[in-house]
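Chain letters run A, B, ... following the sequence lines, proteins first and then strands; every chain starts at 1. None of the values given here were measured: they were computed from a predicted structure. What's counted below: heavy atoms across the whole structure, side chains too, no hydrogens, waters or symmetry copies.
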Amino acid sequence: MGKVVWRAGLWGAAYLLLASAPLGLALLGSAPAGRGFLIELGVALGLVGFGLLGLQFVTTARFRWVAPYLGTDATIQFHRETGILALLFVLAHPTLLILVHREYLEFFDPRVNLLRAVFLAAATAGTILLVVTSLWRSSFRLSYERWRLAHAVMGFGVVLVGLVHALQVGHYISGPVKQGGWVLAAALPIGLLLHTRLYKPWKSRRRPYRLMGVRQDVPEVFTLLLEADGHPGLRFSAGQYAWFTVGKTPFALQQHPFTIASSDADPTRLELGVKELGDFTASTMNMHMRTPVFVEGPYGSFSLDPQAQGAVFVIGGIGVTPALSMLRSCRDREDGRPFLLIYANNRWHEVPFRKELDELSGQLDLEIVHVLAEPGGDWQGETGFLTAEILERHLASRRHLDLQYFVCGPPPMMELVEKELRRQGVPLKRLHSELFDLV
Amino acid sequence: MSQKWARRLAILLGALLLGAATLFARVQGG
């Protein structure tokens, strides 16, 4: 626990320092005379809001040195929370200033300065839309691709307007040194955006895969088979995921995160387990064979530690793909450690990869406990939703081992399982959870 | 790290940044 908290603390401190950097920059050199506490607070909120907006580009830049420490979905969750935080700071900035001094309304007055009013109003609306369309994307009937494009364009626009606004007001940013510093600070997020959306896809162009088959496993679950096209494949650790772009170009907006379900022993052949849920997965059956697929990654820290004495997977539905990859890899390596899979699904015939898991239980020291919410008449196993009692029943005999725990499934299940495992004394560093509902 | 921690960390950072903004305003605005 200690190590995890320290790590989070360190990241938090670095984040804090960067987010408050605009405040520090403002006070560098000879600071101008103050204009009263509330006005300065209003200005400071804007400066911090700008810093927070800039950092939003860092948390989604898919840096390998960020995600492994925080976990990918925690990083995305953090991006969401800090996005809301940035919005609050950005909105508080004009609100407080206008409340204290009505004259500040002129920033939004098209009669005083048309361009300024239009851009500031657009940036304010843009910041609100950035957050609102992300939190309630489906209510806006936005497809994932359109949302992603709009999110990048609006984010870019808001930072740009913020920069021009800060330079134009110029109260704390006079002189070429400070102005240069601000431009550099704003170049960072813009550079990161280009890095994520242009450089990384460009890099993935050099190692294309091809779609070699689509297999239906159970109703609504498909396996996509990909083969490396003239390269040794992407090296990954079982349990990691990557971003996949299907089609002629890696720059397409249709980029989707999927866990690699195949063994990491052979990176030239990737398998993805896909549930027919979203805009992309609905069209998986209509894809042409040999369609190029570009893979960017791998990402994620959901991987087996060679030091652990074994692993417990607590999985709901299609969340099984990382566990499947780890188990397949362990089979290929003839790993003799004990594994337990507690696997929650609705109905027996809907259990993804059931047959293969059965086979794996014959090849590995693997025990599978199926939990069915709607079992058939002759079902003898665990029934209902996953509960603390079910976990207790199957984990009690393994408590003396130093095991790793992997939890992946729908949010309510994950919450219950995480809470219960913590209560049973599983240390935080041994508990890995991944939610695959990124946006 | 679980998602709850991400939220807690964000809330804590928000509070600290608000504190930094207040400090800035105190120093500058008196």
- prompt: Quick one: what part of Leu18(B) sits under 4.5 Å from any heavy atom of chain A, side chain, backbone, both or neither?
  reply: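 The answer is both parts of Leu18(B).
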Out of curiosity, [X] [atom1] to [Y] [atom2], how far, rounded to the nearest 0.5 Å?
X	Y	atom1	atom2	answer
Leu23(A)	Leu17(B)	CG	CG	8.0 Å
Leu16(A)	Leu12(B)	CG	CG	8.0 Å
Glu40(A)	Arg26(B)	CD	CZ	13.0 Å
Arg8(B)	Phe78(A)	CZ	CZ	14.5 Å

task: Measure from the ring center of Phe24(B) to the ring center of Phe37(A) and say whether it is less than 6.0 Å.
output: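 No, too far apart.
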task: Select one option (side chain, backbone, both, neither) describing which atoms of Leu47(A) are under 4.5 Å from chain B's heavy atoms.
output: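 Only the side chain of Leu47(A) comes within 4.5 Å of chain B.
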- prompt: What part of Ile84(A) is in contact with chain B, defined as an atom under 4.5 angstrom from a non-hydrogen atom: side chain, backbone, both or neither?
  reply: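 Neither; nothing under 4.5 Å.
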task: Give the minimum heavy-atom separation between Leu45(A) and Ala21(B), together with the two atoms involved.
output: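 Nearest pair, atom of Leu45(A) first, then Ala21(B): CD2-CB, 4.2 Å.
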- prompt: For Ala10(B) and Glu81(A), which heavy atoms make the closest approach, and how far apart are they?
  reply: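 Residues Ala10(B) and Glu81(A), closest heavy atoms: CB-CB, 3.4 Å.
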Given Leu13(B), Leu9(B), Leu16(B), the one that forms side-chain contact (heavy atoms from CB on, under 4.5 Å) with Tyr15(A):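 Between Tyr15(A) and the candidates, side-chain contact (heavy atoms from CB on, under 4.5 Å) is satisfied uniquely by Leu13(B).
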